J.: 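The following block contains the structure, expressed as structure tokens.
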2 protein chains.
Amino acid sequence: MSKQEPAQSCFPSASTTEACCSLLGRLLEPRFFKALGDGNRIALLSRLAGLCRPCTVSEIACCCPVDLSVVSRHLAILRDAGIVDAQRRGKEVLYTVNYDVLAKTFRQIADAIDTCCSGASSPQRKERENG
Amino acid sequence: MSKQEPAQSCFPSASTTEACCSLLGRLLEPRFFKALGDGNRIALLSRLAGLCRPCTVSEIACCCPVDLSVVSRHLAILRDAGIVDAQRRGKEVLYTVNYDVLAKTFRQIADAIDTCCSGASSPQRKERENG
DNA sequence: TGCTCATTTGCGTAATTATACAAGTATCGG
DNA sequence: CCGATACTTGTATAATTACGCAAATGAGCA
């Protein structure tokens, strides 16, 4: 058992809250968000998404004032996070946005947040569900 | 004009793609994702979300094997990113998850991704829209 | 006012990350 | 095989970030 394990006594109503925590905890992967937490990577991703077709590294790179090797590394980080896919075609490597995975992930998180504490004491939620 | 501005020649079909890029670029704020890009912050947020009520720093902290001051800093980062709200009540400070803002943000991004290249050449999208 | 509790902030340090440049790998065309 | 093109990886460095500890701030209470 890892040392990260929280003390059980910390969870006042473990039976109901733990499932919720772990659901969000499972969906909110740090590596995924870390990949999106850099301005240059967002620029590269936006460009790739905007061009709406598989693109080469060089094509994607020109929206970014950094070395091509840095762009390559950024794209690798996005790939490792499951945000884009890479496929070699001859000399080039074509990167593609994982539109479906991405949209699904964001929507799952939104749903998890919505259902997490439905009927709970959050004022906003009360307002939304009663009004 | 800033030096970050990409060369116009980089955008093959600027009129259609630029709006799309800038929409995603506007929604995908690095600071927001950076805030979610740390394991301890995710743990804190999950715990706060799971407890379904405003919580004090100390209450939230016990899921995290770091100093209380570090927890305070993490919560400040989440607050600055608009993910949680803080409100002082007496000696304590109560933190609350911005459920609505958070869910809305994730859903907006999901929608933007979906509409971004609808009808474009992405194989997945074709499959999804035709099949 | 002085004391205590809860939280934040100052500060130094260790770890991580972004970056440039150089060298390496992979593929294609001659 | 050779050279060119496209990209990735090695390495060093600067910047950022996470962290602990100590001190400061803020609020209640005797």
Side-chain angles (χ1 to χ4, degrees), chain A residues 3-4 6 10 12 28-48 51 53-81 83-96, chain B residues 3-4 6 10 12 28-48 51 53-81 83-96:
Chain A
K3 68 184 171 90
Q4 189 85 1
C10 280
L28 301 177
E29 280 191 75
R31 192 170 49 135
F32 176 79
F33 294 112
K34 214 172 280 187
L36 296 173
D38 179 272
N40 283 330
R41 281 197 291 273
I42 293 298
L44 293 166
L45 178 61
S46 299
R47 174 154 170 77
L48 180 57
L51 291 175
R53 57 174 175 78
C55 296
T56 69
V57 177
S58 307
E59 264 181 321
I60 306 167
C62 72
C63 70
C64 231
V66 295
D67 195 84
L68 193 66
S69 69
V70 175
V71 171
S72 177
R73 267 184 244 267
H74 279 316
L75 290 171
I77 288 169
L78 291 172
R79 175 171 44 76
D80 291 345
I83 294 164
V84 303
D85 269 341
Q87 186 182 357
R88 181 171 277 277
R89 198 186 57 183
K91 282 188 289 187
E92 305 172 326
V93 174
L94 296 178
Y95 281 85
T96 323
Chain B
K3 70 184 172 82
Q4 188 87 359
C10 279
L28 302 177
E29 279 190 75
R31 192 169 49 133
F32 177 78
F33 292 113
K34 213 172 282 187
L36 295 173
D38 179 272
N40 283 330
R41 280 197 291 273
I42 293 299
L44 294 167
L45 177 62
S46 300
R47 173 153 170 77
L48 181 57
L51 290 175
R53 57 173 174 79
C55 296
T56 69
V57 177
S58 306
E59 264 182 320
I60 306 167
C62 73
C63 70
C64 231
V66 295
D67 194 84
L68 194 65
S69 68
V70 175
V71 171
S72 176
R73 268 185 245 266
H74 279 316
L75 290 171
I77 288 169
L78 291 172
R79 176 170 44 74
D80 292 345
I83 294 164
V84 303
D85 268 340
Q87 186 184 355
R88 182 173 276 274
R89 197 186 59 182
K91 282 188 290 188
E92 305 172 326
V93 174
L94 295 179
Y95 280 86
T96 323

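A quick note: this is a predicted structure, and the numbers were derived from the prediction, not measured. Order of the sequence lines sets the chain letters (A, B, ...), proteins ahead of strands, with each chain counted from 1.
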J.: With side chains defined as the heavy atoms from C-beta onward, is the minimum distance between L44(A) and C63(A) less than 4.5 Å?
T.: yes

J.: Say whether, by atom type as modelled, one donor and one acceptor occur between the side chain of E59(A) and the main chain of T56(A) under 3.5 angstrom.
T.: yes

J.: Not counting sequence neighbours, which residues clear side chain to side chain contact (heavy atoms under 4.5 Å, CB included) with E29(B)? List them please.
T.: F32(B)

J.: I need the minimum non-hydrogen distance between I60(A) and Y95(A), along with the two atoms involved.
T.: CD1-CB, 3.8 Å

J.: How many angstroms lie between atom CG of L45(B) and atom CG of D38(B), to the nearest 0.5 angstrom?
T.: 11.5 Å

J.: Checking R31(B) side chain against D80(B) main chain: does a donor-acceptor pair fall under 3.5 Å?
T.: yes

J.: Under 3.5 Å, which protein N or O atoms sit close to an N or O of nucleotides 18-21 of chain D? Give each pair with its distance.
T.:
{"residue": "dA18(D)", "atom": "OP1", "partner": "R41(B)", "partner atom": "NH1", "Å": "3.1"}
{"residue": "dA18(D)", "atom": "OP1", "partner": "R41(B)", "partner atom": "NH2", "Å": "2.8"}
{"residue": "dC19(D)", "atom": "OP1", "partner": "N40(B)", "partner atom": "ND2", "Å": "2.6"}
{"residue": "dC19(D)", "atom": "OP2", "partner": "H74(B)", "partner atom": "NE2", "Å": "2.4"}
{"residue": "dG20(D)", "atom": "OP2", "partner": "D67(B)", "partner atom": "N", "Å": "2.6"}
{"residue": "dG20(D)", "atom": "O6", "partner": "R73(B)", "partner atom": "NH2", "Å": "3.1"}
{"residue": "dC21(D)", "atom": "N4", "partner": "S69(B)", "partner atom": "OG", "Å": "2.8"}

J.: What string of B, S and - do you get for nucleotides 23-30 of chain D 5' to 3' if you count protein non-hydrogen atoms under 4.0 Å?
T.: ---BBS--

J.: Find the distance between CG (L36(B)) and CG (L28(A)) and round it off to the nearest 0.5 Å.
T.: 6.5 Å

J.: Between which nucleotides of DNA chain C, 5' to 3', does chain A make heavy-atom contacts below 4.0 Å?
T.: dT17(C) to dC28(C)

J.: My understanding is that only residues two or more places apart in sequence, or in another chain, count here; which of them pass side chain to side chain contact (heavy atoms under 4.5 Å, CB included) with A76(A)?
T.: R79(A)

J.: Donor-acceptor check, side chain of R88(A) to backbone of G90(A), threshold 3.5 angstrom: yes or no?
T.: yes

J.: Could you give the side-chain donor-acceptor pairs of residues 67-75 of chain A under 3.5 Å, partners two or more places apart or in another chain?
T.:
{"residue": "D67(A)", "atom": "OD2", "partner": "S69(A)", "partner atom": "N", "Å": "2.9"}
{"residue": "D67(A)", "atom": "OD2", "partner": "S69(A)", "partner atom": "OG", "Å": "2.8"}
{"residue": "H74(A)", "atom": "ND1", "partner": "R41(A)", "partner atom": "NH1", "Å": "3.0"}

